[in-house]
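First up is the structure itself, then whatever we jot down about it.
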Amino acid sequence: MQILVNGEAVATDARTLAELCATLGFAQAKVATAVNGSFVASAKRGLTPLSPKDEVEIVAPRQGG
Amino acid sequence: MMLDIYGERFTSRLLLGTAQHPSPTALKNAVAASSAEIVTVSLRRESARARAGQGFWELIEQLGVRVLPNTAGCRTAKEAVATAQMARELFGTAWIKLEVIANDDTLQPELFGLVEAASILVAEGFKVLPYTTEDLSAAEKLAGAGCTVLMPWASPIGSARGLINRDGLKTLRAYFPETTLIIDAGIGAPSQAAEAMELGYDAVLLNTAVAKAGDPVKMAQAFACAIEAGRLGFEAGLIKPRDMASPSTPVAGTPFFKIDRVS
């Protein structure tokens, strides 16, 4: 299915957000996630199913003012 | 007296942003020179290839300072709330520098969305530090929502224009004597930071003025000195300005004094 990850189209077979994060190499990374504009806690990623056209955000610490 | 942020005490009254510094080493040195105990950070989309955030986090951990994550770039309360929730998990802190931005030209806080987001986040247990203006009614609503720290701008972010509404900021200080007030944004020179501190503001949050200075480390030190000097001046009690001169040297006993020369 096609979803959006950080604004870019991605084809994935991942059934859950946790699977998607693992596929992208973020399983152990310091990241936070949201799906369709709502925060998803790391503990809930395995319980969060993905559907076509979902918009996923995967963010990490960055410089800020 | 120390800086109080939600019951935690800090010696330094300078909060430093981590963006735009010339290099990671320059950032580390600037933080050390500033004596800042709190630095601001953000969260951004992580690329699976570059993984820039992982390296940045290692650097922040080495600094040994508290982090204050922001919601920079958010345009709505909903975006700001979701960003704050991600920040709390990512950085392991309930502190959030809440920004809801109205437009690109001024980067002015969008006060209606700000109040809405602050109310939601306080109810969720966040300790909200809202980036606001000197507007009293917005400040009252934010305080009513449970914010015990307010961060009014001095002037637009990155503009280096200093305190463009000094009277408004003075009124805000007088109106909220017990609230921790931190000047956030628009400071370009150490003298401007000292002016804010002389008005009785509790702290100053800086980024561009240090990061983009010719010598960021020296500028960080200059701001640290200015902020400390301004605070000491405020605590010491400034004399009131007056229209006409008042001799500091005693008039009585002036040599060659003649009464008919007095105008």
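Model, not experiment: these values are computed from the prediction. Sequence lines set the chain letters: A, B, ... in the order given, protein chains first and strands last, and positions in each chain run from 1.
- Look at B/E89 and A/R45 and you find a salt bridge, because one of the NZ, NE, NH1 or NH2 atoms lies within 4.0 Å of a carboxylate O, short of that distance.
- Using a 4.5 Å cut-off between heavy atoms, B/S47 touches chain A through its backbone atoms (N, CA, C, O) alone.
- In B/Q62, the CD atom is crowded: over 12 heavy atoms of neighbouring residues, nucleotides or ligands sit closer than 6.0 Å.
- Contact between B/A19 and A/G65 at its shortest, heavy atoms only, is CB-N, 4.3 Å.
- The closest side-chain heavy-atom distance from A/Q63 to B/H21 is not below 4.5 Å.
- Between B/L90 and A/P61, the closest side-chain pair of non-hydrogen atoms falls below 4.5 Å.
- Within the 4.5 Å cutoff, the side chain of A/F39 has no heavy atoms near those of the B/R88 side chain.
- Between atom NZ of residue A/K30 and atom CZ of residue B/F91 there is a gap of 7.5 Å, rounded to the nearest 0.5 Å.
- Proximity to chain A is absent for every atom of B/A72, based on heavy atoms less than 4.5 angstrom apart.
- Look at B/E46 and A/R62 and you find a salt bridge, because one of the NZ, NE, NH1 or NH2 atoms lies within 4.0 Å of a carboxylate O, short of that distance.
- With contacts defined as side-chain heavy-atom distances shorter than 4.5 Å, the pair A/V59/B/M86 qualifies.
- Between B/A48 and A/L24 the shortest heavy-atom distance is CB-O, 3.6 Å.
- In this structure, chain B has a heavy atom under 4.5 Å from the backbone of A/T33, while its side chain stays farther away.
- One distance of note links CD of B/Q54 with CD of A/Q28; it measures 11.0 Å at 0.5 Å rounding.
- The neighbour count for A/D13 CG, taken as heavy atoms of other residues, nucleotides or ligands under 6.0 Å away, does not exceed 12.
- The greatest number of non-hydrogen atom pairs below 4.5 Å with chain B, out of A/N6, A/I58, A/V5, is found for A/N6.
- Contact of B/E79 with chain A is not made at all, since no heavy-atom distance falls under 4.5 Å.
- Within the 4.5 Å cutoff, the side chain of B/K78 has heavy atoms near those of the A/S38 side chain.
- When all heavy atoms are compared, the tightest approach of B/G53 to A/A60 is CA-CB, 3.9 Å.
- Dense packing is recorded around OH of B/Y6, with more than 12 heavy atoms of other residues, nucleotides or ligands lying under 6.0 Å away.
- Within the 3.5 Å criterion, the main-chain N or O of A/G64 finds no donor-acceptor partner in the side chain of B/N70.
- Formation of a donor-acceptor pair under 3.5 Å by the A/E57 side chain with backbone atoms of B/R45 is not found in this model.
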